[in-house]
Amino acid sequence: MSDDLDGVAGYMQQAKQDALKNVEHVAEGVAADTLPEGKLFEVAQSIGDKRLEDLNVADTTCGYCAVGCRFDLYSDGEEVLAARPTAEEDAPVNGISTCVKGKFGYDFVNSEDRLTTPLVRDESGEFRTASWDEALTRAAEGLNGIRDDHGGEALSVIASSKATNEENYLMGKFARQVLGTNSVDNCNRLCHSSTVAGLARTFGYGAASVSTDDLEQTDCYLLTGSNTTEAHPVLATRIKQNVRDGADLLVFDPREIQIAEWATQYSRIQPGYDAVWINGITRHIIENDRYDEGFVEARTSGFEDVRESVQEFTPERVEEVTGVPPEEIESAAETIAGADTCVFGWTLGLTEHSHGTENVIAMANLAAITGNLGKPGTGVSPFRGQNNVQGGGGDMGPLPDNFPGYQDIADDEIRAKFEAAWDCDISPEYGHYTTQMFLAADRGDLEGMYIIGENAVLSEPGVNHAERILEGLDFLVVQDLFVTETAEYADVVLPACSFVEKTGTFTNTDRTVQMVKQVMEPKGDSRPDWEILQDLATRMGRDWNYASAAEIMEEVNSLTPIYGGMTHERIDAEGGLQWPCWDEDHPGTTRLYTAAFNTDDGLSHLEGIGFSEPAESPDAEFPLTLTTGRVLYQYHTGTMTHREAGIMQYTPSDFVEIHPETAAEQGIESGDMVRISSRRGEITVPAQVTDRVGPETVFAPIHFAESAVNRLTDEEHLDPDAATPEYKVSAVRVEPAATDAEPPTTEPTTGDDD
Ligand code: SF4
């Protein structure tokens with residue numbers, strides 16, 4: 001932080017220098033996303049004549065996506081005034097760059113509708129403000145009542161991937177020790193749990209094997225189901241830099257997304273059949289002896305099973321099912337086989353399916369047979385979504401089947417360790433996954449929920465179903481920053497604070513655990529999640545006495561081998577540590593599987609994957625396939641980004657992308673309001689006519705309650721291993737809307753214009 005940054009002029013000058021450095025430093029075109037001039041000026045004005053050296057500053061980690069960018073946040077104690085990337089050596093993932101959300105997305109902290117006091121529902125059914133004492137007493141009585149009448153298994157907790165690792169550790173402990181239920185889960189169930197299941201089965205750890213360094217030095221990428229420039233903008237920059245310098249980029253996606261413009265090869269695929277084209281590539285490589293025989297023999301089992309299972313995926317069959325011509329399968333296979341190193345990257349286009357785990361295993365097979373694991377520039381890289389879904393959503397064990405560190409609750413020895421540490425009995429029976437909680441409540445098996453930092457009513461599949469379930473619960477506690485659409489159903493709402501108002505750690509997509517540091521006091525009476533949990537646990541008969549997040553992490557260290565050496569002191573001093581980090585002397589693990597896989601015999605366990613179909617296919621009534629996703633300028637259900645006026649200028653509403661031929665058949669033009677209907681419900685959104693999608697596919701984002709796309713998705717058909725819903729395939733009909741609804745005055749942008 002230099003002293004010459006005081007006031008508007010200094011900030012503008014420095015920010016422009018950063019922008020110039022960005023142009024040199026990153027691939028062409030990214031600076032426009034990184035530093036919009038108008039917004040930059042607004043930020044500079046908000047600093048006004050304050051001297052930056054007089055502001056609070058904290059070097060912290062982004063609270064939006066799991067890329068895990070590091071930057072300095074400045075606050076005058078009332079609001080966040082500026083974010084500036086830290087020195088490159090202190091920001092291992094992002095260097096001097098951030099995306100628009102990390103740079104400007106902080107108006108939500110001081111939003112007028114921020115929840116600053118607890119709420120309880122009164123006899124008339126309306127919310128009224130309450131003291132912490134009254135609200136916590138009501139919450140404790142409600143949860144205790146269900147536990148006493150129906151047993152702990154009638155309760156569930158939905159934990160928060162936005163919260164810190166320490167807080168998520170306590171959410172899992174609270175469920176098991178205080179409520180007596182294993183039904184604790186989180187949003188990982190909705191996105192990458194099929195990645196976790198698939199990679200844990202084949203390689204041993206349900207996580208990326210790579211570091212960001214591997215992404216920067218590989219010779220080849222196979223990217224699928226990943227709109228990288230919008231969902232993981234700074235990682236996309238790293239990839240584009242490397243492609244500019246000569247790496248090959250293969251993109252398989254139903255949409256010709258922006259990163260496809262950088263691709264050596266883009267192949268459009270029919271949503272729902274990923275294992276088919278992946279197996280087609282694997283088949284070509286095996287049939288033509290282009291696989292890595294030495295690696296297969298020394299480090300894998302199950303190769304013959306894979307060889308046999310891919311036989312049916314001939315080039316002709318792959319084309320018939322997925323639309324990818326034989327020459328594109330062959331060229332992709334030859335590019336991968338011919339590259340010295342390759343990284344296999346994916347996001348939710350691969351996982352959010354009723355057979356997502358199979359898709360992931362097919363990809364893992366391909367990585368293994370080509371020997372692309374455990375060496376620099378190689379590996380599997382599932383790009384995680386929410387800021388802390390890797391750590392808080394997985395590693396910390398707010399999961400129905402695992403304790404922290406992926407320790408199986410059905411293992412007697414492990415369960416005994418946690419029973420002794422937490423002084424409670426724990427059932428060896430797995431609890432309900434998030435998606436199954438809503439089905440269990442429908443059957444009458446679940447009576448109450450405690451939902452923390454998750455707008456479940458919009459993010460779960462089948463919004464109409466989720467609304468009915470929450471309406472019917474006996475008791476619901478919601479803990480959040482706002483009265484979200486989910487909180488509207490609560491009996492008690494507890495005001496939490498954001499990542500800028502507390503301290504802890506987040507774990508990013510490449511397993512790096514990084515510090516989150518408080519830069520301003522919590523707004524009003526809001527409190528960090530861990531403090532609220534502690535008070536509630538104490539009221540429910542447990543003696544929790546943590547003085548700080550660092551103290552909670554010490555308990556994590558003692559019970560979680562992969563986090564064994566990760567104290568706050570060390571993480572802060574070393575600028576981040578990657579797990580596994582077994583003890584205080586262990587340096588952390590930049591790359592997994594260099595010598596052995598995390599399996600009983602140290603081998604990668606390959607599995608043949610056959611043909612599976614989506615749960616629902618287009619038909620005469622619903623002739624199109626809907627696939628859903630994110631846009632650059634928004635974040636999930638919008639609880640944070642909708643409060644940022646600058647961001648809302650870019651994407652003021654959801655929309656639907658529809659191919660020109662399909663639109664012409666219905667007389668639809670860009671900007672027209674259209675109705676999308678599925679077997680579950682309907683929504684109305686403006687149309688964007690574009691050949692980014694194929695004629696049989698439409699795409700809609702997930703960000704606005706008034707057009708909640710999950711009214712169209714299916715809550716019943718889940719991945720059998722991971723219980724992930726099939727967000728990426730719904731049969732729909734699109735037609736002009738007979739509505740008075742006005743289209744937005746600003747056309748929404750996908751962020752593809754950089
Ligand atoms: Fe934050 Fe992700 Fe943007 Fe980085 S890329 S600034 S982590 S939202």
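If you read the sequence from its start, that first residue is 1, and numbering goes on from there. Whatever order the structure lists them in is the order used to number ligands and atoms, beginning at 1.
Classification of Glu501 and Arg114 as a salt-bridged pair holds, one side-chain N sitting under 4.0 Å from a carboxylate O. We find that Glu352 and Lys728 are joined by a salt bridge, their nearest charged nitrogen and carboxylate oxygen being less than 4.0 Å apart.
Classification of the Phe71-Tyr106 ring pair by plane angle, with boundaries at 30° and 60°, yields perpendicular.
With sequence neighbours left out, Glu216 forms a side-chain hydrogen bond (donor to acceptor under 3.5 Å, both in side chains) with Arg238.
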Hey, mind stepping through Thr264 and Tyr221 against side chain to side chain donor-acceptor pair (under 3.5 Å) and telling me if it holds?
CA-CA 10 Å; Thr264 320; Tyr221 304 90; over 6 Å; no
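Listing protein N, O or S atoms at distances below 2.8 Å from atom 1 (Fe) of ligand 1, with waters left out, gives Cys62 SG.
Here Tyr205 and Trp579 bring their ring centres to under 6.0 angstrom of each other.
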